[in-house]
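Both ligands and their constituent atoms are indexed starting at 1 by order of listing. Fair warning: this is a prediction, and the values are worked out from it, not measured in the lab. Quick note: numbers below take in every heavy atom, side chains included, and nothing from hydrogens, waters or symmetry partners.
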Amino acid sequence: MRAPRILVTGGAGFIGSHTCVALIAAGYLPVVLDTLVNSDARSLQRVACITGVEPVLVCGDVRDAVALDRVFAAYDVAAVVHLAGLKAVGESMADPVSYYDVNLAGTLALVQAMDRTGVRTLVFSSSATVYGDSQPSPIVESAPYAAVNPYGRTKAMVESMLADLARADARWSIACLRYFNPIGAHESGLLGERPHGPPNNLMPYIAQVAAGQREWLVVHGADYDTVDGTGVRDYVHVMDVARRPGILMANLGTGRGASVLEVVSAFERASGRRIALRIGPRRPGDAPAYWADARGAWQAFGWRARRDLDQMCADSWRWQAANPHGFDDPAPAHASGLPRFQDNTSTSINSKPGHSHA
Ligand code: NAD
Ligand code: UFG
């Protein structure tokens, strides 16, 4: 019997590529739809190095209704994991319209295409940013929406749209997984985070400083009312996030917050390198501190984070040290031992050439 196919939008990206590893390990065949605007097709070759299966890649835009119809017509998809989107808080303050376009209009186009094709099982990658900073941590799922930036508002709007849809039509099964701060890398060192351009996020930036590729980390504000004045987040290992059963609304976090300086210290321990840093001003749109009440996911479907901050840093550093140029570095020879199965040839089915967020 053929493994069920799962459409993974944004599947070439950081969380998406690790999700492909987890899906294949769980007996599914991922089909990736991605513009590659913030990722690299070679991440899927690394998925093949780890699992023996290279997911099919369709280069296309989640906002493109014609491309979506073609994907659903070409592949017998059982469910969709929707990760395609823009995710940088600061960029969303400067360019909100792109965020509403990709994150909100993109999800709308996707659910319309799913409805047309009769695939009504969806896992949506939401975010802890939907909560904002108006509630005390740890934050429970019933906390009201109070996003403090356009990125978080796009996620809250999508969640509201999906909740309305599920209420109106009982054929839909939808999970909104509110990731806190996924970091780390696959423990093989073959797969990790490699954003285009200077990293917006803390962990890949620290890793590049440790590797000597950037001179220093700018700490975005050291005057918050937190343990050491720097921002506090709930960092969760990307391979814990990729291990995602169940269909419901859930926080995916560890239940513990760590400040920027605590992450820097943990990374210094893991890498044996000193991380130079400078204190800069606060970054617009940043909340001071939040972390998850992670009991809901445990009670509902037995999920809890297994890996701690030291392991997250060790895995990030293993990836960075082994792949200083990201996916431009060849996969190490030992990785190619597995027999390789390619689901199909990768393809581009955009309805318009060059249809992507620029
Ligand atoms: P990422 O940028 O590595 O992955 C996003 C992927 O979507 C990329 O491969 C990108 O090329 C693709 N993409 C962007 N616009 C697209 C479009 N219009 N059509 C098709 N593909 C498109 O980011 P990530 O960290 O892997 O995040 C994945 C999802 O998880 C995002 O929706 C993000 O908002 C959400 N999320 C991430 C974090 C985090 O800290 N990384 C936290 C909470 C939620
Ligand atoms: N930070 C720095 N310097 C940097 C980068 C970040 O000091 O160069 C600080 C930030 O100010 C913040 C913390 O490190 O206090 C974490 O920042 P990130 O940019 O790594 O992560 P965010 O919390 O801003 O946002 C991330 C993802 C979102 C996601 C959110 C959920 O980018 O997609 O986590 O909590 F929604």
Side-chain angles (χ1 to χ4, degrees), residues 8-19 32-41 43 58-64 67-68 81-92 98-99 101-103 105-107 109-110 124-131 147 149 151-152 154-155 158 177-183 193-196 198-206 208-209 214 216-222 224 226 230-236 238 241-242 251-253 258-261 263-264 277-292 350 355-357:
V8 184
T9 73
F14 171 49
I15 300 175
S17 55
H18 290 79
T19 296
V32 169
L33 176 73
D34 202 306
T35 53
L36 305 178
V37 69
N38 195 37
S39 55
D40 191 307
S43 64
V58 178
C59 289
D61 197 303
V62 79
R63 292 165 292 179
D64 184 340
L68 287 167
V81 177
H82 179 36
L83 294 133
L86 304 179
K87 61 156 187 174
V89 168
E91 188 185 56
S92 82
S98 288
Y99 277 69
D101 186 19
V102 174
N103 294 358
T107 310
L110 176 66
F124 171 60
S125 300
S126 191
S127 165
T129 49
V130 300
Y131 297 121
N149 54 63
Y151 166 70
T154 66
K155 293 289 186 184
V158 169
L177 300 183
R178 295 170 177 164
Y179 307 148
F180 278 66
N181 287 52
I183 58 169
E193 186 167 14
R194 188 69 187 184
H196 292 179
N200 284 301
N201 291 122
L202 181 64
M203 181 53 72
Y205 207 102
I206 291 178
Q208 292 184 14
V209 174
R214 298 189 185 279
W216 58 75
L217 169 77
V218 177
V219 177
H220 297 318
Y224 290 112
T226 61
T230 66
V232 169
R233 296 289 184 274
D234 185 341
Y235 297 93
V236 56
V238 66
V241 167
N251 286 341
L252 297 193
S259 74
V260 173
L261 297 183
V263 176
V264 167
L277 55 84
R278 294 185 176 185
I279 306 296
R282 294 181 179 193
R283 184 170 64 175
D286 267 357
Y290 55 83
W291 58 93
N350 283 327
H355 188 104
S356 69
H357 168 77

Student: Identify, chain by chain and in numerical order, each protein residue with a heavy atom under 4.0 Å from an atom of ligand 2.
Tutor: Lys87, Val89, Ser127, Ala128, Thr129, Tyr151, Tyr179, Phe180, Asn181, Asn200, Asn201, Leu202, Leu217, Val218, Val219, His220, Gly231, Arg233, Tyr235, Val260, Arg283, Asp286, Tyr290
Student: Of the choices Lys155, Lys87, His82, Arg233, which has the non-hydrogen atom that lies closest to atom 23 (O) of ligand 1?
Tutor: Lys87
Student: Using the side chain to side chain contact (heavy atoms under 4.5 Å, CB included) criterion, which residues pair with Arg282? Sequence neighbours excluded.
Tutor: Asp223, Tyr224
Student: Could you list the atoms of ligand 1 found under 4.0 angstrom from a heavy atom of Ser39?
Tutor: 8 (C), 9 (O), 11 (O)
Student: For Ala88, enumerate each residue passing the side chain to side chain contact (heavy atoms under 4.5 Å, CB included) test, keeping only those at least two apart in sequence or located in another chain.
Tutor: Glu91, Tyr99, Asn200
Student: Measure the CG-CZ distance between Asp40 and Arg194 for me, rounded to the nearest 0.5 Å.
Tutor: 9.5 Å
Student: Asn201 versus ligand 1: do any nitrogen or oxygen atoms come within less than 3.5 Å of each other?
Tutor: no
Student: Mind checking whether Gly106 has a heavy atom under 4.0 Å from ligand 1?
Tutor: no
Student: Give the atoms of ligand 1, by number and element, whose distance to some non-hydrogen atom of Phe180 is under 4.0 Å.
Tutor: 42 (C), 43 (C)
Student: Side chain to side chain contact (heavy atoms under 4.5 Å, CB included) for Leu36 and Cys59? Distances and angles first, verdict last.
Tutor: CA-CA 7 Å; Leu36 305 178; Cys59 289; 4.0 Å; yes
Student: Ser126 heavy atoms, cut-off 4.0 Å: which ligand 1 atoms fall inside?
Tutor: 43 (C), 44 (C)
Student: Show me which atoms of ligand 1 lie under 4.0 Å from any heavy atom of Leu36.
Tutor: 11 (O)
Student: Which one of Val102, Asn181, Thr19, Val62 has a non-hydrogen atom at the shortest distance from atom 19 (N) of ligand 1?
Tutor: Val62
Student: Residues in side chain to side chain contact (heavy atoms under 4.5 Å, CB included) with Ala147, at least two apart?
Tutor: Arg153
Student: Let's go through Leu68 and Leu33 carefully: what are the C-alpha distance in whole Å and the side-chain angles of both, what is the deciding distance for side chain to side chain contact (heavy atoms under 4.5 Å, CB included) to 0.1 Å, and is it a yes or a no?
Tutor: CA-CA 9 Å; Leu68 287 167; Leu33 176 73; 3.6 Å; yes
Student: Counting each atom of ligand 1 from 1 as listed, which ones have a heavy atom of Gly13 under 4.0 Å away?
Tutor: 3 (O), 4 (O), 9 (O)
Student: Could you tell me whether ligand 1 has any atom less than 4.0 Å away from a heavy atom of Asp61?
Tutor: yes
Student: Measure the spacing between CZ of Arg233 and CD1 of Ile183 and express it to the nearest 0.5 Å.
Tutor: 12.5 Å
Student: Yes or no: does Ala128 have any heavy atom under 4.0 Å from an atom of ligand 1?
Tutor: no
Student: Enter the distance from Met203:CE to Phe14:CZ here, rounded to the nearest 0.5 Å.
Tutor: 9.0 Å
Student: Quick one: OG on Ser43 to CD on Glu193, what's the gap to the nearest 0.5 Å?
Tutor: 12.0 Å
Student: Is there a side chain to side chain contact (heavy atoms under 4.5 Å, CB included) between Ile15 and Ser125 once you walk through the steps?
Tutor: CA-CA 10 Å; Ile15 300 175; Ser125 300; 5.8 Å; no
Student: Taking Asn251 as the fixed residue, which of Trp291, Tyr131, Tyr179 is the one that meets the side-chain hydrogen bond (donor to acceptor under 3.5 Å, both in side chains) rule?
Tutor: Tyr131
Student: Mind checking whether Val260 and Leu277 have side chains closer than 4.5 Å, heavy atoms only?
Tutor: no
Student: Counting each atom of ligand 1 from 1 as listed, which ones have a heavy atom of Val37 under 4.0 Å away?
Tutor: 10 (C), 11 (O), 13 (N), 14 (C), 15 (N)
Student: Kindly confirm or rule out an N or O of Leu33 lying under 3.5 angstrom from an N or O of ligand 1.
Tutor: no
Student: Stepwise, does the side chain to side chain contact (heavy atoms under 4.5 Å, CB included) test hold for Val241 with Thr19?
Tutor: CA-CA 8 Å; Val241 167; Thr19 296; 5.9 Å; no
Student: Would you compute the distance between atom CG of Asp101 and atom CG of Leu86 and round it to the nearest 0.5 angstrom?
Tutor: 8.5 Å
Student: Could you tell me whether some N/O pair between Glu193 and ligand 1 is separated by less than 3.5 angstrom?
Tutor: no
Student: Please report whether ligand 1 has a polar contact with Ala12, defined as an N or O pair separated by less than 3.5 Å (distance criterion only).
Tutor: no
Student: Nearest heavy atom to atom 33 (C) of ligand 1 wins, so pick from Tyr151, Phe124, Tyr179.
Tutor: Tyr151
